[in-house]
Visitor: 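First, the structure itself, so that you have it in front of you.
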2 protein chains.
Amino acid sequence: MRSWVEVAADSHFPIQNLPYGVFSTGDNEPRVGVRIGDFVLDLVALHDAGLLPGANVYDRPFINDLMALGPRAWQEVRNAITDILRESEPTLRDDDELRSATLIPVSQVKMHLPVRIGAFVDFYSSEQHATNVGSMFRPDAPLMPNWKHLPVGYNGRASSVVVSGTPIKRPHGQTAPGQSTEPIFGPSKNLDFELEVGFFTGTENPLGNQVPTSRAADFIFGLVLVNDWSARDIQRWEYQPLGPFLAKSFATTISPWVVTMAALDPFRIAGPDQDPPVLDYLKYDKPWRLDMDLEIHLKTERMSQPQVICRTNYKNMYWNMAQQLAHQTVNGTNVQIGDLYASGTVSGDEPDSFGSMLELAWRGERPLVMQETGEERKFLEDGDTVMLTGHCQGDGYRIGFGEASGTIRPA
Amino acid sequence: MRSWVEVAADSHFPIQNLPYGVFSTGDNEPRVGVRIGDFVLDLVALHDAGLLPGANVYDRPFINDLMALGPRAWQEVRNAITDILRESEPTLRDDDELRSATLIPVSQVKMHLPVRIGAFVDFYSSEQHATNVGSMFRPDAPLMPNWKHLPVGYNGRASSVVVSGTPIKRPHGQTAPGQSTEPIFGPSKNLDFELEVGFFTGTENPLGNQVPTSRAADFIFGLVLVNDWSARDIQRWEYQPLGPFLAKSFATTISPWVVTMAALDPFRIAGPDQDPPVLDYLKYDKPWRLDMDLEIHLKTERMSQPQVICRTNYKNMYWNMAQQLAHQTVNGTNVQIGDLYASGTVSGDEPDSFGSMLELAWRGERPLVMQETGEERKFLEDGDTVMLTGHCQGDGYRIGFGEASGTIRPA
């Protein structure tokens, strides 16, 4: 399928994708749009033109009200937008006035946080990452006995989730260098990123009820890239016994376009084998792993171009989204429209497929070298820009996420 | 000072208190009210009568918009309500029609969750509790090296915070009894409560900025009692390395009336001494400890009256609210109107001042005996009701919290 909107072969945003985001132009209020090629389709203008079914849920600063319409409406709206953009459909294609009112060059828009985020939960679902980090923090017990029995996770801070492009201020905090137990105070010296993939729930579930893996598809609206910025020196000192807190809560960056499960459906793959066998509530039928290439790009202030420092794949994860959601709710915790559930760092087997600087530079023992400038990096310096990107490769098209980017500002 | 509304000497709600809550009567929409004696003052009706300054922020299902008016308005509204209720003021006192339109017997109202909660953060600020629990979970290192240097805390689940009276369903989950590392699945067998005190922030602070202890008073609107229900068997299996998750997220109960810092101000006391000395950002001038008596009452299905199983005091806490907020924000995390920050379990020195069943029955080794029925309790059974209560004793009056109550329902 092709669109009458011109879309480059390597674009992340062909007609098969159609992700939702929140954008503004000039002084106008933020509203909901869909990305196609290098354009944003203004859903308020499209609805005003009578081309979208149902209520106008698009003149809003978040896509929550769109998600609240429910899975059937998600498909109806997607179908309507697909129809309008398909190559053979003249309604917009041949109407200059309507087309220019609804289709805005992406260079003219500012993107905003797309979702009013309820809860932010972060999992820890890559075996390679958990083993890598565990071996540094706890050499005697890298992978805990619980790890292969449940998708370990914890609650993060939703209020500091920001959209791609937002500057990231280096956090202050307590650290205890070396073996010291006398903390010092100052800007973090071990500032890191974590490459993750997160999903938004678009359906509510009341308190006291579970979401079995078989019902996950009714709840998972779409996915974004997530950079779970982490201050490793703060984390090492604070995290016992109740887990990471200020080491993570200062900022989390997400990509601006929410890529729907409908668009990602062709990229489901089976597995991985889980041994030991999981408990019944974590078993699942439909494939829930996604074959999604992911990259981390790093650019220092002196570099003219970013350098790829990690190539990995979301399929590396041991635990999948349906299992994460089933686990999250097995105790009856309610699900809200707009909850964000992140995967945990996506690390593969190879050293250049690790999703954090902590692992890539192995705790500072193997600094990364920037080819353009010869600079070395053990952790992030002020002025460094980290850009995550990712896509699923289809037959002649890509379903991509654009990027989740952030530049470190001084403390 | 006295009110023309009759208030018993041991009432939690004299004219010196005036806590805010959200209530409804019959089929009416929830709205904001103030408790006085055995009545609720309807602030919508009071504003309609022209007796409250500023905008009508009371016809709302939460007090967030009231908090958003800011500290100066908090005082103005409180002054206006105090004036209306003071013994010598005839406006309502002598106007039967207006009085009956604004003053509703508490027996006729249903209380709702008073705040749309943004983030829920739970601290761990009682040295006795941390030492007690630490000695059970980690006999070799009960109090971590970081504990006296920072107020340890973690992010909880805001969506499952419920108002007093909401039934609590026993959660399912994974547990690994004894020394096993092969988990089983089923209802929690070690269901527990935790007696805590929480504060709501009523002022925003943007991302990247700190709230020093000297500014805490501008942010802390009021306090509630918090029961941080905990499934100890789930917690023990899941909590490493990222902290408690499903053991806590299934439910948290709060008391319905938000007692303002203005009402609690007379009960500030100095200390405690903190040794080793804390880092500069955790130092504070004004006394921030509160002398507040707290109790836990337990009633099994067979009992006709609850039994007091714990008497303690909020002044036992090592870390105070100003320090908790300064720590929470020292890394630049933003503060929202409606964030809930809970103290952690309030435990004192004596065995009958411990704030959780885990400690009171010492991990099941010293079961509690119910005097009326002879029943024993190591953890909570289905049908048990846990009721927290607390108050500050003034000279001839009490500033109380009412109660935070919940009854355990079968899984």
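Remember, predicted model here, so these are calculated numbers, not experimental data. FYI, side chains are in, hydrogens and waters are out, and symmetry mates aren't considered; it's all heavy atoms of this structure. Here is the naming used below: chain letters follow the sequence lines, and residue numbers restart at 1 for every chain.
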Visitor: Below 4.5 Å, heavy atoms only, C-beta onward: do B:T407 and B:I168 meet side chain to side chain?
Guide: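 No, every pair of side-chain atoms sits at 4.5 Å or beyond.
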Visitor: Under a plain distance cut-off of 3.5 Å, with no hydrogens placed, do A:Y154 and B:N155 share a side-chain donor-acceptor pair?
Guide: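 Looking only at side-chain atoms, A:Y154 and B:N155 do not form any donor-acceptor pair under 3.5 Å.
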Visitor: So for A:D339, is it side chain, backbone, both, or neither that comes closer than 4.5 Å to the heavy atoms of chain B?
Guide: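 Side chain only.
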Visitor: Treating B:T175 as the side-chain partner and B:P177 as the backbone partner, does any N or O pair qualify as donor plus acceptor under 3.5 Å?
Guide: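 Flag not set: sc B:T175 to bb B:P177 has no pair under 3.5 Å.
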Visitor: Between A:P171, A:A251, A:A411, A:S249, who has the most heavy-atom pairs with chain B when the cutoff is under 4.5 Å?
Guide: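 Looking at each option in turn, the highest pair count goes to A:S249.
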Visitor: With heavy-atom distances below 4.5 Å as the criterion, would you say the side chains of B:W319 and B:V278 are in contact?
Guide: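 In contact.
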Visitor: Pick whichever of B:G332, B:P244, B:G173 has the most heavy-atom pairs under 4.5 Å with chain A.
Guide: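 The residue among B:G332, B:P244, B:G173 with the greatest pair count is B:P244.
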Visitor: Please collect all ring pair (Phe, Tyr, Trp, His ring centres under 6.0 Å) contacts where either partner lies in residues 163-192 of chain B, sequence neighbours excluded, each pair once.
Guide: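 Listed once each, the pairs are A:Y281-B:F185, B:H172-B:F185.
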Visitor: Picking from B:R138, B:H149, B:E182, B:Q240, which has the most non-hydrogen pairs under 4.5 angstrom with chain A?
Guide: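 Counting heavy-atom pairs under 4.5 Å, the top option is B:H149.
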Visitor: Using a cut-off of under 4.5 Å for heavy-atom pairs, which of B:Q336, B:H327, B:R157, B:E238 has the most such pairs with chain A?
Guide: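 Of B:Q336, B:H327, B:R157, B:E238, B:R157 has the most heavy-atom pairs under 4.5 Å with chain A.
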Visitor: With chain B, which of A:V335, A:V162, A:V330, A:L246 has the greatest number of heavy-atom pairs at distances under 4.5 Å?
Guide: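 Sorted descending by pairs with chain B, the first entry is A:L246.
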Visitor: Side chain, backbone, both or neither: which part of A:V121 has an atom under 4.5 Å from a heavy atom of chain B?
Guide: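 Contact with chain B: side chain only.
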Visitor: Side chain, backbone, both or neither: which part of A:L143 has a non-hydrogen atom closer than 4.5 Å to chain B?
Guide: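 The answer is neither part of A:L143.
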Visitor: A side-chain contact here means heavy atoms from C-beta on lying under 4.5 Å apart; do B:F123 and B:Y341 qualify?
Guide: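 Counting from C-beta outward, B:F123 and B:Y341 do come under 4.5 Å.
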Visitor: Is there a side-chain contact between B:F379 and B:L358 (heavy atoms, below 4.5 Å)?
Guide: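 They are in contact (side-chain heavy atoms under 4.5 Å apart), so the answer is yes.
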Visitor: What option among B:A176, B:G153, B:P167 has the most heavy-atom pairs under 4.5 Å with chain A?
Guide: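 Looking at each of B:A176, B:G153, B:P167 in turn, B:G153 comes out on top.
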Visitor: Under a plain distance cut-off of 3.5 Å, with no hydrogens placed, do A:S159 and B:N334 share a side-chain donor-acceptor pair?
Guide: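 Per modelled atom types, B:N334 and A:S159 side chains form a pair under 3.5 Å.
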Visitor: Please find the pair of heavy atoms, one from A:P139 and one from A:M136, that lie closest to each other, and give the distance.
Guide: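 Looking at all heavy atoms of both residues, the shortest contact is CD-O, 4.2 Å.
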Visitor: Go through the steps to decide whether A:Q174 and A:W237 satisfy the test side chain to side chain donor-acceptor pair (under 3.5 Å), and finish with yes or no.
Guide: CA-CA 7 Å; A:Q174 287 195 28; A:W237 172 239; 3.0 Å; yes
Visitor: Output the residues of residues 228-236 of chain A for which the shortest heavy-atom distance to chain B is under 4.5 Å, in residue-number order; output 'none' if no such residue exists.
Guide: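 If one takes a 4.5 Å heavy-atom cut-off, no residue of residues 228-236 of chain A lies near chain B.
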Visitor: Determine yes or no for a side-chain-to-main-chain donor-acceptor pair under 3.5 angstrom, with B:S164 supplying the side chain and B:S405 the backbone.
Guide: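 Yes; at least one donor-acceptor contact below 3.5 Å.
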Visitor: Got A:Y284 and A:L282 here, is their nearest side-chain heavy-atom distance under 4.5 Å?
Guide: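 Result no, sub-4.5 Å side-chain heavy-atom pair not found.
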Visitor: With a 4.5 Å cut-off on heavy-atom pairs, point out which of B:A158, B:G118, B:G156 contacts chain A the most.
Guide: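 Highest number of pairs under 4.5 Å: B:G156.
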Visitor: State whether the side chain of B:T333 and the backbone N or O of B:T329 hold a donor-acceptor pair below 3.5 Å, judged by distance alone.
Guide: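 Side chain of B:T333 to backbone of B:T329, a donor-acceptor pair under 3.5 Å: no, none is there.
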Visitor: Go through it in stages, so that I can follow the logic: the residues are B:D382 and B:L191, the test is side-chain contact (heavy atoms from CB on, under 4.5 Å), and I'd like the CA-CA distance, side-chain angles, deciding distance and then a yes or no.
Guide: CA-CA 10 Å; B:D382 292 347; B:L191 190 54; 5.9 Å; no
Visitor: Find out whether A:K148 and A:P276 are in side-chain contact, i.e. whether some heavy atom of one side chain is under 4.5 Å from a heavy atom of the other.
Guide: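 The answer is yes, as the side chains (C-beta and beyond) meet within the 4.5 Å cut-off.
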Visitor: Does any heavy atom of chain B fall under 4.5 Å from the side chain of A:L242, the backbone, both, or neither of them?
Guide: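 For A:L242, the contact with chain B is made by backbone and side chain together.
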Visitor: Can you name the closest pair of heavy atoms from B:M317 and B:G344 and give their distance?
Guide: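 Of all heavy-atom pairs spanning B:M317 and B:G344, the closest is CE-O, 3.7 Å.
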Visitor: Does any part of the side chain of B:T252, heavy atoms only, come nearer than 4.5 Å to the side chain of B:N227, both counted from C-beta?
Guide: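 Not in contact.
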Visitor: So which residues of residues 203-215 of chain B are in contact with chain A at a heavy-atom cut-off of under 4.5 Å?
Guide: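 B:L207, B:G208, B:Q210, listed by number.
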Visitor: Taking 4.5 Å as the heavy-atom cut-off, does anything in residues 124-133 of chain A contact chain B, and if so which residues?
Guide: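 Listed by number: A:Y124.
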Visitor: Quick check on the interface: out of B:K248, B:Q328, B:R170, B:R409, who has the most heavy-atom pairs with chain A under 4.5 Å?
Guide: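 Ranked by heavy-atom pairs under 4.5 Å with chain A, first place is B:Q328.
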Visitor: Any side-chain heavy atom of B:P61 within less than 4.5 Å of one from B:H112?
Guide: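 Result no, sub-4.5 Å side-chain heavy-atom pair not found.
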Visitor: Run the ring-centre check on A:F221 versus A:F200 and record whether the distance is less than 6.0 Å.
Guide: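 Not under 6.0 Å, so no.
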